[in-house]
There are 2 protein chains.
Amino acid sequence: MSGTSPDFASLLRGAGLRPTRQRVALARVLFGSGHRHVTAESLHAEVKATRIPVALATVYNALNQFRDAGLLREVVVAPGRSYFDTNTSHHHHFFIETDGELHDFPSDKVTIAGLPAPPKGTRLSRVDVVVRVRR
Amino acid sequence: MSGTSPDFASLLRGAGLRPTRQRVALARVLFGSGHRHVTAESLHAEVKATRIPVALATVYNALNQFRDAGLLREVVVAPGRSYFDTNTSHHHHFFIETDGELHDFPSDKVTIAGLPAPPKGTRLSRVDVVVRVRR
DNA sequence: TTCACTTTTAGAATTATTCTAAATTACTTG
DNA sequence: CAAGTAATTTAGAATAATTCTAAAAGTGAA
């Protein structure tokens with residue numbers, strides 16, 4: 001097999017970020033397979049498990065940079081903890097309050113009607129829908 | 001004028017909470033006029049301004065108790081800060097990202113259709129809609 | 001290579017929140 | 001209304017998530 005592995009360096013360069021060792025390692029974990037939801041801590045643990053040295057501060061830096069570059073979306077569902085979602089397309093979330101799990105669901109079928117206009121002087125950034133459930 | 005001032009002690013008792021001096025003071029600020037959005041810090045500052053001594057820890061305790069008793073609703077819109085809303089009826093929020101302001105809007109006109117069923121083993125807790133805007 | 005600039009790092013600092021143990025206060029009951 | 005008991009408040013320490021800092025290491029252009 002040749003050329004089948006995604007080119008994370010280009011992905012990063014395209015986002016205006018130097019493809020350093022740790023950014024590539026983080027990108028590999030984040031974007032190497034299907035969509036993911038991570039916290040800084042969980043991502044840090046995962047990358048360290050691949051034997052590439054990364055400081056937690058670097059994970060925070062990278063998550064913020066990736067988010068700013070549009071590679072990730074930050075989801076705020078619980079006080080005191082940020083989740084980052086590799087799915088940046090339009091979609092919504094299930095949040096299982098009892099165990100802190102977050103799941104995507106497509107926005108295709110969802111229709112929201114009757115939203116008021118943004119207060120004047122502001123422009124719409126996005127609409128978040130979080131369906132909270134408990135076990 | 002007689003008997004026009006709301007009876008915060010009864011409100012608290014009805015919620016199963018002893019009407020202590022600081023809880024009554026907090027309730028007065030929270031529920032004394034129209035609906036409010038507060039953070040622990042902002043509420044603490046407001047109540048201290050009424051010359052009733054309250055520790056910040058007490059504000060946190062009370063906010064959590066009021067929330068558990070259904071007197072307040074906790075709204076999570078920004079990482080690392082919790083807002084509490086005195087409006088516990090069904091409604092949604094505008095969040096002005098650029099300055100951290102939160103505003104209610106009624107859910108009357110809003111219709112959400114096509115939401116998926118809760119994952120099995122879970123029951124719906126609530127649906128949050130946050131319309132994020134920026135200046 | 002070398003140089004200029006970026007990035008990473010460990011650890012300290014910051015911020016929001018919770019915990020602790022002691023002091024105070026609220027609600028009985030006599 | 002005096003006491004006793006349990007609930008509450010408090011100051012400050014503790015914790016947790018995140019950001020900052022200054023120094024060391026890495027990156028890419030020439």
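Throughout, a chain's letter reflects where its sequence line sits, starting with A, and its residues are numbered from 1.
Not one side-chain nitrogen or oxygen of Gln65(B) sits closer than 4.0 Å to the OP1 or OP2 atom of dT8(D). Residue Gln22(B) places none of its side-chain N or O atoms closer than 4.0 Å to OP1 or OP2 of dT25(C). Side-chain N/O atoms of Asn64(B) include one lying less than 4.0 angstrom from OP1 or OP2 on dT18(C). Considering only side-chain N and O atoms, Tyr60(A) lies nowhere under 4.0 angstrom from the phosphate OP1 or OP2 of dT19(D).
We find that CZ of Arg21(B) is positioned 13 Å from C1' of dT10(D), with the value rounded to whole Å. If you take NZ of Lys48(B) and C1' of dA11(D), they are 13 Å apart, rounded to a whole angstrom. One interatomic measurement links the two molecules: CG of Leu63(A) to P of dT18(D), which rounds to 9 Å at whole-angstrom precision. If you take OH of Tyr83(A) and P of dA17(D), they are 11 Å apart, rounded to a whole angstrom. dT7(C) atom P lies 13 Å from atom CZ of Arg13(A), rounded to whole Å. Rounded to whole Å, the distance from NE2 on His44(B) to P on dT18(C) is 15 Å. Between the CD1 atom of Ile52(A) and the C1' atom of dT7(C) there is a distance of 16 Å, given to the nearest Å. One atom, CG of Leu12(B), and another, C1' of dA26(C), lie 13 Å apart when rounded to the nearest Å.
Proximity note for Asn61(B) (side chain, C-beta onward) versus dT9(D), dC27(C), dT18(D): the nearest is dT9(D). Considering only side-chain atoms of Arg81(A), the nucleotide from dT17(C), dT9(C), dA17(D) that sits closest is dA17(D). Picking from dC19(C), dG11(C), dG28(D) the nucleotide with the shortest atom distance to the side chain of Ala57(B) gives dC19(C). Taking only side-chain atoms of Thr20(B), from C-beta outward, the nucleotide of dC27(C), dT19(D), dT9(D) with the closest atom is dT9(D).
Between Phe66(A) and Phe31(A), the ring planes are tilted. Angles from 30° to 60° get that label.
Across all strands, Pro53(B) comes closer than 4.0 Å only to sugar-phosphate atoms, never to a base (heavy-atom distances). Nucleic acid contact class of Thr39(A) (heavy atoms, under 4.0 Å, all strands): none.
With ring centers used as reference points, His93(A) lies under 6.0 Å from His91(A).
Within a 6.0 Å sphere centred on CZ of Arg126(A), other residues, nucleotides and ligands contribute more than 12 heavy atoms.
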Inset, instruction - Could you give me the CA-CA distance, side-chain angles and deciding distance for Arg13(B) and Asp7(B), then say whether salt bridge (charged side-chain N to carboxylate O under 4.0 Å, His left out) is met? - result: CA-CA 10 Å; Arg13(B) 276 206 200 81; Asp7(B) 183 357; 5.8 Å; no

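Minimum heavy-atom separation, Leu124(B) to Pro118(B): N-CG, 4.3 Å.
Checking Leu56(B) against Ala62(A), the closest nucleotide of DNA chain C that is more toward the 5' end is the one next to Ala62(A). Of the two residues contacting DNA chain D, namely Ala55(B) and Arg18(B), the nearest-nucleotide position lying further toward the 5' end is that of Arg18(B). Where Glu41(B) and Pro19(B) meet DNA chain C, the nucleotide closest to each residue was compared, and Glu41(B) sits on the side nearer the 5' end.
Of the N and O atoms on the side chains of Thr58(A) and Gln22(A), not one donor lies less than 3.5 Å from an acceptor on the other residue.
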